[in-house]
Protein chains: 2
Amino acid sequence: MYEKKIPKDLSCGLNIAIEVIGGKWKANLLANINKGMKRPSELHKSIPQASARVLNQQLAELEFHGIVSKKIFNVLPPKVEYSLTEGGKDVLEVLYSMKSWGEGYKKTFHDIIKYEGEIH
Amino acid sequence: MYEKKIPKDLSCGLNIAIEVIGGKWKANLLANINKGMKRPSELHKSIPQASARVLNQQLAELEFHGIVSKKIFNVLPPKVEYSLTEGGKDVLEVLYSMKSWGEGYKKTFHDIIKYEGEIH
DNA sequence: CCGAATCCTCGGCGATACTG
DNA sequence: CAGTATCGCCGAGGATTCGG
């Protein structure tokens with residue numbers, strides 16, 4: 001279910017990082033979980049661009065990789081909460097690094113995107 | 001050519017980082033360029049899992065976003081070299097962060113993958 | 001060697017409906 | 001509310017060809 005068809009060189013730490021947190025929405029999910037949004041419906045609200053189904057898949061992979069843990073409450077209506085594992089908290093450093101760079105790059109980026117809009 | 005269909009919230013630095021360097025092979029390309037592999041054929045050899053065409057697309061996006069610059073030599077046979085721009089060098093910090101985390105996570109990761117192989 | 005153009009395949013993802 | 005199953009579309013990306 002979680003097999004990747006493309007055999008990357010997984011002896012390199014960079015590739016492992018890409019594999020584990022490089023998914024389309026994984027960094028966002030982790031950031032939101034860290035902010036305290038733990039339930040699937042909350043996460044979906046904060047990332048409406050992706051369907052609940054896809055977010056579930058990404059969360060399942062994160063859980064499989066040991067980055068988040070899933071707690072299921074047997075109540076009605078059902079309740080599920082995700083949280084970062086101890087090991088998962090280490091990836092926050094990576095997220096901070098990405099966010100920090102992105103903030104600094106924001107102006108340049110938006111200038112480029114604006115230009116792109118004009119030539120279209 | 002470079003438009004993204006999915007409108008993310010681009011006011012967040014994290015999303016910008018994902019947008020610019022989150023492509024499937026971009027981090028690898030940047031790492032290899034930084035290592036001194038500058039020609040398309042070299043890059044393709046170092047990342048044989050992706051076709052030359054796809055690598056070209058990713059490089060074009062990196063160039064469009066101002067992370068790498070492309071130098072074309074008008075000689076026969078043709079010669080092209082990519083290099084990091086001044087601004088592009090800043091992303092190396094992010095790559096280091098990812099690689100560092102990945103190295104630390106390597107053992108756990110491979111244990112999980114191994115287990116996955118067994119249950120298949 | 002570089003890369004544009006073409007064709008074609010395949011799987012990611014949305015939509016919907018259903019169960020617990 | 002959470003999660004699975006099914007269907008169908010669309011586009012990313014591989015393979016190939018050609019031109020410079």
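Side-chain atoms are counted along with the backbone in the values below, which use heavy atoms only and exclude waters and symmetry mates. Here the structure is a predicted model, which means the values were calculated and not measured. Naming: A, B, ... by sequence-line order, numbering from 1 per chain.
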For B:Lys26 and B:Glu19 the tightest heavy-atom approach is NZ-O, 3.9 Å
All heavy atoms of A:Met98 vs all of B:Ala17, minimum pair found to be O-CB, 3.4 Å
Is the phosphate of [N], meaning OP1 or OP2, less than 4.0 Å from a side-chain N or O of [X]?
X: B:Lys79; N: D:dG20; value: no
X: A:Arg39; N: D:dA2; value: yes
X: B:Ser41; N: C:dC2; value: yes
X: A:Lys24; N: C:dC13; value: yes

Of A:Pro77 and A:Ala52, the one whose closest nucleotide on DNA chain C sits nearer the 5' end is A:Ala52
What's the [atom1]-[atom2] distance between [X] and [N], to the nearest Å?
X: A:Gln49; N: C:dC13; atom1: CD; atom2: C1'; result: 14 Å
X: B:Lys26; N: D:dA12; atom1: NZ; atom2: C1'; result: 13 Å
X: B:Leu55; N: D:dA15; atom1: CG; atom2: C1'; result: 15 Å
X: B:Gln57; N: D:dA12; atom1: CD; atom2: C1'; result: 8 Å
X: A:Asn56; N: D:dA5; atom1: CG; atom2: P; result: 13 Å
X: B:Leu76; N: D:dG19; atom1: CG; atom2: P; result: 16 Å
X: B:Leu43; N: C:dC1; atom1: CG; atom2: P; result: 14 Å
X: B:Trp25; N: D:dA12; atom1: CH2; atom2: P; result: 16 Å

The side-chain hydrogen bond (donor to acceptor under 3.5 Å, both in side chains) partners of B:Ser83 (sequence neighbours excluded) come to B:Ser69
Lys/Arg-Asp/Glu bridge criterion (N-O < 4.0 Å) met for A:Glu42, A:Lys45: no
Axis-to-axis angle across the helix from C:dC1-D:dG20 to C:dG20-D:dC1, five pairs each end, nearest 10 degrees, ~ 40°
Rounded to the nearest 0.5 angstrom, the CG-NZ distance for B:Leu30 and B:Lys89 is 13.0 Å
When rounded to the nearest 0.5 Å, the distance separating CH2 of A:Trp101 from CD of B:Glu93 is 12.5 Å
- Test item: B:Ser100 side-chain N/O and B:Ser97 main-chain N/O as donor-acceptor pair under 3.5 Å: no
DNA chain D nearest-nucleotide lookup for A:Arg53 and A:Pro78: closer to the 5′ end is A:Pro78
Side-chain atoms of A:Val54 come closest, of D:dG14, C:dC13, D:dG3, to C:dC13
